[in-house]
Amino acid sequence: MKLQQTHMKVQEVSRDVWEIPVSEKDGMLVPARIYASPKILEEMDSGVFEQVTNVACLHGIQQYAICMPDGHWGYGFPIGGVAAFDQHHGIISPGGIGFDINCGMRLIRTNLTYDEVQPKMERLMTELFHQVPAGVGTKGLLRLNESEFKHLMRDGVDWCIANGYGWPQDRERIEEGGHLAGADSSKVSEKAIKRGIHQVGTLGSGNHYLEVQIVTDERIFDRRAAETFGLFGENQVVIMVHCGSRGFGHQVATDFLGVFEKAMKKYDLRVKDRQLACAPFKSPEGQDYFGAMLCAANSAFANRQVITHRIREAFSSIFQKSAESLGMEIVYDVAHNIAKVEPHTINGKRKDLVVHRKGATRAFGPGHPDVCAPYREIGQPVICGGSMETGSYLLVGTEKAVTETFGSTMHGSGRTMSRTAAKKKIRGADLKRRMEEKGIVIKAVSMSGLAEEAGMAYKDISDVVETVERCGITKKVAELRPVGNIKG
DNA sequence: ATGTGC
């Protein structure tokens with residue numbers, strides 16, 4: 001089979017789970033594991049195999065270096081990567097988190113059905129396009145001074161709620177309550193503050209988007225879970241947001257890649273690739289980055305919260321009803337570019353690990369104490385964004401994910417075509433027309449930016465979702481079909 | 001991903 005020829009070292013350990021065994025010659029400390037159907041594995045860039053092997057060589061790594069089926073080549077670590085390190089003897093690495101710190105997904109429900117929304121779709125999308133600024137370098141509508149921005153990065157969603165950008169009950173349906181403890185604004189550079197201070201409430205560019213979607217009855221796979229998450233089907237309208245910490249998180253990552261390059265000499269840390277720059281987690285440099293990274297993570301939660309507030313205002317103005325009466329509750333909000341200290345069981349022993357998820361989502365199962373009370377019996381919702389042309393999925397975490405993948409799963413569909421290749425092949429205006437023929441209203445800042453995000457530049461999200469379901473690390477709840485998209 | 005690129 002061609003598969004074994006291209007990736008000689010890859011062995012199937014169970015259905016759709018592949019392992020690159022420890023090779024001392026390569027300096028691997030643990031095996032690498034790739035979750036993929038044979039088809040997805042075949043089509044994965046070879047860079048992924050090399051990168052996940054490099055990650056398996058990093059100090060203090062536990063059990064396996066993991067790559068999810070939506071994995072592709074990234075900065076140092078693959079996007080779709082999960083790696084957990086011993087907090088006392090292991091490292092933290094910005095490359096394992098990503099430049100867009102706490103890039104994540106949020107899903108908001110409504111009581112509206114598509115019949116009610118469709119006639120007003122054009123006006124609604126125009127209103128959303130004004131309320132939620134998109135594009136590179138765009139400023140938000142919110143004016144903050146430095147002291148307010150520092151409070152925002154320390155308190156995340158709590159700052160937003162205290163300042164009128166959200167409802168008290170929003171907190172519970174956001175990972176970590178939208179407020180990570182330990183954020184230390186004194187570790188954030190002036191440059192990062194300057195870049196981030198006027199970007200709260202903005203979408204950004206690239207694959208970041210705001211999408212109006214519908215939930216149909218036939219695409220609900222787990223009715224009990226869907227109802228617990230507030231989804232009833234019947235062409236119900238929901239809103240999905242994909243964005244992160246904008247220029248602020250990018251600058252924090254850039255600043256500390258520089259700091260870590262020096263720290264690696266100081267601590268005599270050697271890595272396979274310069275992009276794997278890291279520092280011992282408990283070192284002053286590691287802790288400074290962690291404190292600054294948490295500021296960026298809180299700012300991303302706050303960004304999605306302010307965007308939620310604007311979405312509620314837009315719907316309220318178009319439908320002439322309060323957001324409360326439209327039932328615009330948050331379904332959930334997940335981070336998919338972050339590192340967190342979490343307790344996990346390794347060889348029967350409970351210990352705190354620094355879990356890096358880069359293009360991977362936390363997926364705790366039913367009964368887990370860190371799943372919010374209203375969803376605890378069901379498990380944590382996992383929000384996976386597809387490409388604009390296909391659908392997105394709402395999944396739920398499992399006990400098997402907790403024991404096998406440090407409570408993690410996929411995050412989206414994953415690119416198969418580079419941005420430049422996509423731009424050569426697809427014209428943005430053609431794509432817009434094609435999507436509008438399918439009944440999807442598009443508001444885009446840039447046509448070339450739109451072309452980069454064409455469905456054909458991505459893996460089929462259904463293949464990826466089916467893979468994680470067969471592996472047992474998540475279960476399908478519902479598929480969400482796009483009817484309107486805003487992008488930078 | 002990103003005040004898009006040394």
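For the numbers below, each heavy atom of this structure counts, side chains included, while hydrogens, waters and symmetry mates do not. Throughout, protein chains are lettered first and strands after them, A, B, ... in sequence-line order, and every chain is numbered starting at 1. Predicted model, so just to flag it, every value in this text is computed and none were measured.
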Starting from [atom2] on [N], measure out to [atom1] on [X] and report it in whole angstrom.
X: A:Leu257; N: B:dT2; atom1: CG; atom2: C1'; result: 13 Å
X: A:Leu203; N: B:dT2; atom1: CG; atom2: P; result: 9 Å
X: A:Gln251; N: B:dT2; atom1: CD; atom2: C1'; result: 10 Å
X: A:Ile97; N: B:dT2; atom1: CD1; atom2: C1'; result: 17 Å
X: A:Glu453; N: B:dT4; atom1: CD; atom2: C1'; result: 14 Å
X: A:His250; N: B:dG5; atom1: NE2; atom2: P; result: 8 Å
X: A:Tyr75; N: B:dT2; atom1: OH; atom2: C1'; result: 13 Å
X: A:His242; N: B:dT2; atom1: NE2; atom2: C1'; result: 14 Å

Using a heavy-atom cut-off of 4.0 Å across all strands, would you classify [X] as base, sugar-phosphate, or nothing?
X: A:Gly206; answer: sugar-phosphate
X: A:Arg415; answer: nothing
X: A:Glu452; answer: nothing
X: A:Lys139; answer: nothing

Can you tell me how the ring of [X] sits relative to the ring of [Y], calling it parallel under 30°, perpendicular over 60° and tilted otherwise?
X: A:Tyr165; Y: A:Trp159; result: parallel
X: A:His368; Y: A:Phe364; result: parallel
X: A:His336; Y: A:His411; result: perpendicular

Are A:Arg362 and A:Ser408 close enough, and set up right, to give a side chain to side chain donor-acceptor pair (under 3.5 Å), and what steps lead you there? CA-CA 4 Å; A:Arg362 196 183 76 172; A:Ser408 316; over 6 Å; no
Please state whether the phosphate of B:dT2, meaning OP1 or OP2, lies under 4.0 angstrom from any side-chain nitrogen or oxygen of A:Thr254.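 Checking B:dT2 against A:Thr254, no side-chain N or O comes under 4.0 Å of OP1 or OP2.
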Tell me which of A:Lys423 and A:His208 sits closer to the 5' end of DNA chain B, going by the nucleotide each one is nearest to.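 Comparing both residues, the 5'-ward one is A:His208.
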Counting neighbours of CZ on A:Arg143 that are heavy atoms of other residues, nucleotides or ligands and sit closer than 6.0 Å, is the number greater than 12?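 Yes.
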